[in-house]
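Working notes for the structure below.
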Amino acid sequence: MIESLHISNYALIDRVDIRLHPGLNIITGETGAGKSIMLGALSLLLGGRADTKAMRDPAVKSVVEASFTVDGYGNLEAICRENDIDWDPERMILRREITSAGRSRAFVNDTPVTLAALQSVALQLVDIHSQHQNLLLASPPYQLRVLDSLAGNEERLARFADAYSHYRQAVRNFQQARKAVAQTRDEEEYLRYQFQQLTDAKLQDDEQEELERERELLVNMADIKASLSVVVNALSEGETNVDSLLKDAADNAADLSDLLEDADSLAERLRAIRVEARDIAETFCEYDRQLNSEPMRLEEVEERLNELYDLQRRHKVGSVKELIALRDSLEGRLRSFDNSDTDLRDLELTAKRAKKVALDMAHEISAVRREEAERFAAMLRERAVPLGMKNLKVEIQVRDAELSSTGVDHVEFLFAFNKNQEPLPVGNTASGGEISRLMLSIKSIVADKMQLPSLVFDEVDTGVSGDVANRMGEMMRQIAANIQVIAITHLPQVAAKGKAHYKVYKEDTEQATVTRIAELAPAERVRELAVMLSGSDVDAAALANARSLLGFPAENLFE
């Protein structure tokens with residue numbers, strides 16, 4: 001509910017601060033006193049258009065600020081989280097500022113927000129109704145919400161929402177898979193060509209490195225053979241070679257064994273060196289024999305390497321290892337073609353099953369809606385007929401529709417206000433006053449079923465009087481037993497039903513005429529109602545009538 005409202009520098013208002021109460025709050029005042037100005041200021045918090053012409057003093061910014069208690073408004077926390085607004089579970093402050101340059105700034109709990117974010121929050125907290133602002137009644141989503149609230153469908157709808165979400169996800173999974181299969185099948189021939197090419201290449205992980213080393217040898221074969229010849233000749237095959245020299249050295253060292261103490265051991269060491277040298281020579285000879293390759297081998301190696309390089313270039317990879325990984329990947333993708341039809345059938349079956357679950361739940365909800373529609377139509381007529389619509393006909397249609405997030409129903413409220421008239425959508429047949437009374441009747445029915453925002457009724461009682469006005473006031477009071485109601489009215493019968501009463505009036509200052517608002521004490525309420533009943537000349541009869549409307553005993557008149 002609205003706890004307090006602050007308006008400054010707006011139209012005829014220099015500064016207004018009022019505290020509002022739970023229950024029915026009445027606002028009255030003479031025509032032109034500024035009641036509509038207050039409503040316009042409040043509309044700014046609902047995202048209304050900011051107009052610099054409404055600024056009282058162009059040098060000072062206009063400010064409209066309202067403080068709300070928010071206990072029980074579960075949707076608000078989620079909205080705040082989505083918009084990075086600080087969340088207070090007890091209180092929320094909405095503010096709109098307009099500068100002389102026409103710039104508008106919006107705040108929620110002192111957090112700057114977009115106008116759309118302000119509006120999404122404010123619409124959870126305030127609902128303004130006037131003869132020209134009741135288009136909500138013609139809105140199919142609102143009509144469906146009313147019917148579901150009365151039918152007690154909240155838990156059913158929560159379960160259905162999960163089932164519908166699961167169904168939509170299953171459909172998306174199937175559609176995405178079908179699209180992916182269609183796309184890959186378009187590529188299948190090319191993928192098979194690539195895979196066959198890589199398979200035919202008989203790729204081996206380390207082959208490229210070994211071939212590159214072999215090519216290096218083959219390219220430099222003449223130089224290598226020449227060097228090997230020098231080495232082998234020096235070690236064992238030349239006229240003068242290491243092997244024969246070491247033999248002579250070892251033999252002569254052995255001859256000195258009788259003369260030198262270490263000659264025998266040194267001779268043995270020379271023989272060991274000779275063995276090692278002969279082994280080295282044999283190894284180089286083996287190299288020499290192996291390098292006697294076929295003349296065409298270099299050409300074969302070059303051809304194979306070019307094939308590997310060409311494959312890497314085509315597939316934009318840098319090694320044979322990557323080519324092998326690509327080949328294996330292609331094999332997996334091609335294998336998936338064999339399973340794709342089965343996978344698609346499974347996904348399609350899953351989507352169909354999910355749809356059936358959602359449809360079963362939707363039909364259960366639909367059955368409850370259809371039953372409730374008849375009861376609600378009768379109840380709405382019962383509430384609205386006493387408000388001056390004796391020929392009212394109400395028909396709540398629940399027609400079949402395609403499965404959607406709300407179920408399988410299209411709900412439409414149809415009304416006829418005259419005899420021999422077929423019920424039609426409310427926007428096609430009702431006057432502003434009739435729509436207002438219908439909205440009032442609907443609010444009175446759903447007030448204890450739905451978490452409603454504070455309701456502002458702006459002269460919805462225009463055009464009625466007497467008993468009908470009394471009934472409208474009583475209906476507002478009944479609604480106010482569950483939620484806060486603010487009613488701007490010219491009718492004393494309605495004003496008398498309020499728990500709190502505020503008067504809007506003009507006051508002349510030294511500089512200008514300004515609009516004020518004041519909460520009336522009991523004696524002031526009596527006098528205000530007397531003025532509303534009889535005009536400016538208030539006599540004892542008018543005071544007594546006002547006192548009677550308020551239910552005040554005579555002795556409490558001026559307390």
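Side-chain atoms are counted along with the backbone in the values below, which use heavy atoms only and exclude waters and symmetry mates. The model shown is predicted, which means the values in this text are computed figures rather than measured ones.
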Does the side-chain hydrogen bond (donor to acceptor under 3.5 Å, both in side chains) test come out yes or no for Thr69 and Glu3, once each step is laid out?
CA-CA 7 Å; Thr69 57; Glu3 284 188 318; 5.2 Å; no
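Judged by distance alone, the side chains of Asn241 and Ser244 do bring a donor and an acceptor atom under 3.5 Å apart. Residues Gln312 and Gln208 have side chains that bring a donor and an acceptor to within less than 3.5 angstrom of each other. With 3.5 Å as the limit, one finds no donor-acceptor pair spanning the side chains of Arg327 and Thr199.
Summarising the geometry of Leu46 relative to Ile128, their closest heavy-atom pair is CD1-CD1, 3.4 Å, with the distance given to 0.1 Å. Ala351 and Ala170 get closest at one heavy-atom pair: CA-CB, 3.7 Å.
Salt-bridge formation is detected for the pair Asp110/Arg95: a Lys NZ or Arg NE/NH1/NH2 atom is positioned less than 4.0 Å from an Asp or Glu carboxylate oxygen. Residues Asp310 and Arg313 are paired through a salt bridge, judged by an N-O separation under 4.0 Å between the basic side chain and the carboxylate. Look at Asp200 and Lys202 and you find no salt bridge, because none of the NZ, NE, NH1 or NH2 atoms lies under 4.0 Å from a carboxylate O. We find that Glu348 and Arg345 are not joined by a salt bridge, their nearest charged nitrogen and carboxylate oxygen being 4.0 Å or further apart.
No side-chain heavy atom of Val485 sits under 4.5 Å from any side-chain heavy atom of Asn25. No side-chain heavy atom of Arg105 sits under 4.5 Å from any side-chain heavy atom of Lys61. Inter-residue side-chain proximity for Leu359 and Tyr167 is flagged as unmet; no heavy-atom pair is nearer than 4.5 Å.
When ring centroids are compared, Tyr190 and Phe195 stay outside the 6.0 Å threshold.
Residues forming a salt bridge (charged side-chain N to carboxylate O under 4.0 Å, His left out) with Arg370 (at least two apart in sequence, or on another chain): Asp400, Asp409. Not counting sequence neighbours, the partners of Gln169 by the side chain to side chain contact (heavy atoms under 4.5 Å, CB included) test are Arg172, Asn173.
To the nearest 0.5 Å, atoms CG (Leu94) and CD1 (Ile2) are separated by 10.0 Å.
The list of salt bridge (charged side-chain N to carboxylate O under 4.0 Å, His left out) pairs with a residue in residues 235-254, not counting sequence neighbours, reads Asp243-Arg274, Asp243-Arg278, Lys247-Asp251.
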